[in-house]
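Structure first, then comments.
This one's a predicted model, so the numbers in the text were calculated from it and none came from an experiment. A note on names: the letters A, B, ... follow the listed sequences, proteins ahead of strands, and every chain is numbered from 1.
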There are 2 protein chains.
Amino acid sequence: MTDNEKINPPISIQTLKRLPLYLGYLKSLDKDEIKIISSPIIAKALNLNEVQVRKDLASIKSGGRPKTGYLLEKLIISLEEYLGYGNMNEAVLVGVGCLGCSLLKYNGFENYGMKILVGFDVDESVIGTEINGKRIFPISKLKDLCQRLHINIGIITVTGESAQEVCDLLLEAGIQAIWNFTSIQLNVPDGIIVQNENIASSLAVLSKHLKKKSKVRK
Amino acid sequence: MTDNEKINPPISIQTLKRLPLYLGYLKSLDKDEIKIISSPIIAKALNLNEVQVRKDLASIKSGGRPKTGYLLEKLIISLEEYLGYGNMNEAVLVGVGCLGCSLLKYNGFENYGMKILVGFDVDESVIGTEINGKRIFPISKLKDLCQRLHINIGIITVTGESAQEVCDLLLEAGIQAIWNFTSIQLNVPDGIIVQNENIASSLAVLSKHLKKKSKVRK
DNA sequence: TAGATTGTTAATCGATTAACAATC
DNA sequence: TAGATTGTTAATCGATTAACAATC
């Protein structure tokens, strides 16, 4: 453990995932009307336990005050700072199919500190075109371009069959984090993070729940 | 606890989410070549603990045999059965924007036991059109149509501002499960499941990881 | 029989929740 | 001061991992 970690223990991944929820809720409030907000109110709005909210917020230096609560504006700034929404991470996307295309078109990522610069594909018919201002390059240019642009994040929206291949290519190009939209489990070396966006897992939870309900009804 | 639960304890949500991963991996294997598969092999392929794999597979009746392992074909069938990939859940999608459109175009859901029947929107220019064979209706038809078709799942791909409104409408129409692609936390009564597909949370994990790495490198 | 693997019981680990002191 | 709220320490809960008996 480094000295830094002794003083600022790393927050849990669960807490980290909740921080954007807090931020989203706080930003939805009317800043002119509400100056101060408390953990019980946040907890109620987001269906969370109020102790959990306090603990989460305490883990970033949120400056809450006993009796008073948290200063709304200050809390928003703390969260944005912690989540790094100020300094943009740059990404490339590989696989400009149906899903890839809609991610390229989506402009909301920039609110979360990520910007997709370019796309890659093998399909001649999309290479050279622009989608939402983002140029599509042949996959042969991937390594060179990523290295030159110092890209950190690779988004994989190809089919399952080519996912690992694309992943390896991205790693060769020096990418540090992968956002995986395929249902394949990617093999990466230690230190590289893979975030899986797994539709099948979500659907499994949904449909199991439905099945249970229909059984109860019978 | 019901008698049924005493005999077949409900599996944990974590296990449930991993089942599609097992299935995907097993299906990717060559059935002609591989007849039998063991937990250490599955675990290695998916970067999981082998005890976890065994426990997960034991929770559905997978019929593994000591010394031998699991019969590949039988295991696939057990998983598909448990996940209910045989009987289709029917869904509607509300919000035919950029993301909604690409979900309508995506045909992979049917492999996971879900079928989107129709879409809804307020935008006159999309109402009446078809996307991938799915008709788009005005939102005023939502309640009637969902009730008549006995729809179970509602997919919300509208903007955050109208998300709760749409959610309430879906609940009125008798929907039992909601797949929420907005970053809003939806309020639903007990017994309704909401599965959040939260891009902001995923990005928070990715970018925190990158920040830590760049610090270490300094 | 010996070796390999499953399935289960016990131990460990981590996250959530409860209790409570500190504080404005 | 009394009441409300934060932040932290302790207790609980649930999931993962380890140990091991059962078995082919």
Side-chain angles (χ1 to χ4, degrees), chain A residues 1 5-19 21-22 26 34-76 78-79 82 185 201 204-205 208, chain B residues 1 5-19 21-22 26 34-76 78-79 82 185 201 204-205 208:
Chain A
M1 206 188 259
E5 277 173 338
K6 264 177 226 155
I7 302 156
N8 294 317
I11 67 166
S12 84
I13 199 164
Q14 305 301 329
T15 295
L16 182 54
K17 283 182 174 177
R18 280 189 296 268
L19 295 182
L21 294 185
Y22 299 134
L26 296 170
I34 301 167
K35 295 290 176 197
I36 280 169
I37 188 108
S38 71
S39 59
I41 291 173
I42 298 173
K44 205 171 175 202
L46 299 174
N47 276 316
L48 298 171
N49 180 293
E50 64 171 86
V51 182
Q52 188 169 60
V53 174
R54 276 206 292 285
K55 224 180 175 184
D56 286 346
L57 296 181
S59 70
I60 64 169
K61 51 170 187 54
S62 54
R65 288 193 201 173
K67 158 123 177 159
T68 339
Y70 305 87
L71 290 171
L72 178 58
E73 225 160 323
K74 198 168 167 303
L75 186 51
I76 288 176
S78 299
L79 280 163
Y82 187 87
Q185 213 62 14
S201 292
V205 176
K208 201 77 225 160
Chain B
M1 205 188 259
E5 278 171 339
K6 263 176 225 156
I7 301 156
N8 293 318
I11 67 165
S12 83
I13 198 163
Q14 306 300 329
T15 296
L16 182 53
K17 284 183 174 177
R18 280 189 296 267
L19 295 181
L21 294 184
Y22 299 133
L26 296 170
I34 300 167
K35 294 289 176 198
I36 280 168
I37 187 109
S38 71
S39 59
I41 291 173
I42 298 174
K44 206 172 174 200
L46 299 174
N47 276 316
L48 298 170
N49 181 292
E50 64 171 85
V51 183
Q52 188 168 61
V53 173
R54 274 205 294 284
K55 222 177 178 187
D56 285 347
L57 295 182
S59 70
I60 64 170
K61 52 170 185 53
S62 53
R65 289 194 200 172
K67 157 124 178 159
T68 339
Y70 306 86
L71 291 171
L72 178 57
E73 226 158 323
K74 198 170 167 303
L75 187 50
I76 289 176
S78 299
L79 280 164
Y82 187 87
Q185 213 61 16
S201 291
V205 176
K208 200 76 225 162

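- Note: CD1 (Ile41(B)) to P (dA4(C)) measures 13 Å, nearest angstrom.
- When rounded to the nearest whole Å, the span between CD1 of Ile36(B) and P of dA4(C) equals 16 Å.
- Counting any heavy atom pair closer than 4.0 Å across all strands shown, Thr15(B) reaches no nucleic acid atom.
- Spacing between atom CG of Leu16(B) and atom P of dA15(D) amounts to 12 Å, rounded to whole angstrom units.
- A cation-pi contact links Lys208(B) to Tyr82(A), judged by a cut-off of 6.0 Å to the six-membered ring centre and 45° from its axis.
- Residue Lys35(B) qualifies as enclosed at atom NZ: its count of foreign heavy atoms under 6.0 Å is above 12.
- Between the CD1 atom of Ile11(B) and the P atom of dG14(D) there is a distance of 16 Å, rounded to whole Å.
- Residues that satisfy the side-chain contact (heavy atoms from CB on, under 4.5 Å) test with Glu73(B), not counting sequence neighbours, are Lys31(B).
- Residue Ser39(A) has its side chain nearest to dT6(D) when only dT17(C), dT6(C), dT6(D) are considered.
- When base pairs are accepted only as Watson-Crick or G-U wobble with both N-N or N-O distances under 3.5 Å, DNA chain D takes part in stems of 3 or more pairs at C:3-24 with D:3-24.
- The nearest whole Å value for the distance from the NZ atom in Lys74(A) to the P atom in dT6(D) is 14 Å.
- Listed pair Gln14(A) / dA15(C) fails the phosphate criterion, with no side-chain N or O lying under 4.0 Å from OP1 or OP2.
- For the pair Gln52(A) CD and dT5(D) P, the computed distance is 19 Å after rounding to whole Å.
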Generate the contact string for nucleotides 18-24 of chain C. Rules: B means base contact, S means sugar-phosphate contact only, - means no protein heavy atom under 4.0 Å. B----BB
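- The side chain of Tyr70(A) contributes an N or O atom lying less than 4.0 Å from OP1 or OP2 of dG7(D).
- One interatomic measurement links the two molecules: CG of Asp56(A) to P of dT8(D), which rounds to 13 Å at whole-angstrom precision.
- Taking atom CD1 on Ile42(A) and atom C1' on dA4(D), their separation rounds to 15 Å, with Å as the unit.
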